[in-house]
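Shown next, in structure tokens, is the structure this report addresses.
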Amino acid sequence: MIAAVVIGRNEGARLIACLAALEGQVGQVIYVDSGSTDGSTKAAADFGATVIALEIEQGFTAARARNAGLAAVGDDVDFVQFLDGDCVLREGWIGSAIAFLQAHKDVAVVCGRRRERHPETSVYNALIDREWDTPVGQTLACGGDALMRIKPLRDVGGYRDDLIAGEEPELCLRLRQVGWKIWRLDAEMTWHDARITRFAQWWRRSRRAGHAFAEGAFLHGSPPECHWVAETRRALLWGAILPTAIVVLALVTDPVALLLFAIYALQIARLALRGNLAWAFFTVLGKFPEAMGALHFYWLRARGGKTRLIEYK
């Protein structure tokens with residue numbers, strides 16, 4: 001039997017579309033809500049889903065929500081499809097994924113092609129659509145949407161509840177360490193509806209990514225994994241160390257040193273040769289919020305505080 005675990009927070013019509021697409025495709029649907037105020041829990045219950053409403057006291061993370069859903073999956077379930085509430089499962093995905101897992105007993109997780117539903121709406125949606133387009137075949141990690149074998153998932157303890165982002169790559173890393181493989185199929189899996197239309201939304205998302213990079217490197221940065229070490233270093237170099245050094249140099253020597261910021265324009269030009277100009281520009285600009293997120297993680301660690309945030313989206 002196959003179950004689906006859907007997580008969400010104030011997804012509105014996107015959640016309804018997500019649940020509607022699951023009808024007839026899985027035997028059990030579990031919806032885990034993280035403090036919605038838009039009637040999401042009632043809407044999910046109306047669809048016949050098992051609804052779990054998380055309490056705010058422990059803080060909301062996507063990982064905590066997924067674990068809560070996993071705990072409610074029936075004992076007769078062999079596979080679980082995880083979905084974010086802003087995603088819609090594509091027709092035929094479940095069949096393709098199950099067939100692959102049945103033919104490859106050493107694979108614990110399969111994912112497919114996640115596509116942005118409206119990349120034309122904003123430059124941020126277009127950037128996210130490009131972000132989803134990763135190579136097919138054996139891979140290191142999956143994203144939030146994936147079909148997994150229940151037993152290995154439970155054997156490694158599920159997701160880490162305290163990660164505010166990057167919980168899927170961290171889980172996949174632990175699965176790989178005990179011999180399981182992760183695979184991305186050349187099959188349409190989900191539509192995603194990011195609805196990022198404002199700069200502030202994009203900035204907040206990038207900041208969360210930087211926090212996840214730093215935390216991932218802290219947990220698994222040693223060889224041979226070196227998990228997210230390079231990403232953390234790039235964020236800190238371009239988003240914190242280099243601009244600080246240029247400003248300090250200008251203050252103690254000559255304001256002309258500020259011309260060194262031209263290195264960012266050169267970096268954008270270099271990256272534009274590998275993609276379009278918008279992607280290159282936001283890739284470079286994104287290092288600043290990523291650095292902020294990484295530094296926020298280190299600050300919390302230094303204070304001995306918890307590293308998760310209340311809102312995971």
Side-chain angles (χ1 to χ4, degrees), residues 2-8 18 22 26 32 61-67 69-70 73 77-90 92-116 128-161 163-192 194 205 208-209 212-213 215-216 219-220 225 227-228 231 312-313:
I2 307 166
V5 172
V6 179
I7 65 170
C18 175
L22 287 170
V26 296
V32 186
T61 68
R64 181 188 168 209
R66 292 194 175 99
N67 279 340
L70 178 63
V73 170
V77 174
D78 298 313
F79 306 99
V80 57
Q81 172 70 52
F82 286 99
L83 276 172
D84 290 344
D86 56 4
C87 293
V88 172
L89 202 67
R90 304 289 291 273
W93 162 250
I94 292 289
S96 298
I98 292 297
F100 187 87
L101 286 177
Q102 290 176 336
H104 299 81
K105 302 300 184 182
D106 57 347
V107 176
V109 179
V110 288
C111 56
R113 292 193 174 276
R114 186 194 235 198
R115 299 187 189 273
E116 200 58 35
I128 293 172
D129 189 55
R130 179 187 176 111
E131 180 183 319
W132 302 148
D133 191 16
T134 55
V136 298
Q138 187 173 343
T139 186
L140 297 179
C142 65
D145 305 338
L147 186 71
M148 304 187 185
R149 296 184 191 271
I150 287 282
K151 188 179 185 306
L153 178 58
R154 285 177 168 162
D155 285 347
V156 299
Y159 296 88
R160 283 187 62 115
D161 276 358
L163 296 182
I164 69 161
E167 67 278 357
E168 305 94 352
E170 196 279 335
L171 167 65
C172 290
L173 182 150
R174 286 184 284 117
L175 285 167
R176 289 187 286 104
Q177 286 179 335
V178 293
W180 289 100
K181 294 179 181 178
I182 318 298
W183 213 273
R184 184 168 188 247
L185 306 182
D186 188 10
E188 300 299 322
M189 178 180 62
T190 51
W191 287 114
H192 179 258
R205 185 176 186 271
R208 285 179 60 249
F213 290 156
E215 191 160 21
L219 292 171
H220 303 289
E225 294 293 346
H227 182 55
W228 278 347
E231 290 82 355
Y312 66 80
K313 290 189 71 177

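The two residues R208 and I164 come nearest to each other via the heavy atoms NH2-O, 3.1 Å. In terms of heavy-atom proximity, W93 sits nearest to C111 at CH2-C, 3.3 Å. Smallest separation of non-hydrogen atoms from V88 and C18: CG2-N, 4.0 Å. Across W228 and G166, no two heavy atoms sit closer than the pair CH2-CA, 3.6 Å.
For the pair D186 (side chain) and V136 (backbone), a donor-acceptor distance under 3.5 Å is absent. Of the possible donor and acceptor atoms, one in the side chain of R176 sits under 3.5 Å from a partner among the backbone N and O of L140.
Atoms CG and OG1, on D86 and T190 in that order, are 9.0 Å from each other to the nearest 0.5 Å. Atom CG of residue D78 and atom NZ of residue K151 lie 11.5 Å apart, to the nearest 0.5 angstrom. Atom CZ of R90 and atom CD of E188 lie 4.5 Å apart (nearest 0.5 Å).
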Run the salt bridge (charged side-chain N to carboxylate O under 4.0 Å, His left out) check on R66 and D84 step by step: do they pass? CA-CA 9 Å; R66 292 194 175 99; D84 290 344; 2.5 Å; yes
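In this structure, F79 and M148 have side chains that are not in contact, with every pair of non-hydrogen atoms separated by 4.5 Å or more.
In this structure, W132 and H192 have perpendicular ring planes: the angle between them is above 60°, well past the 30° mark.
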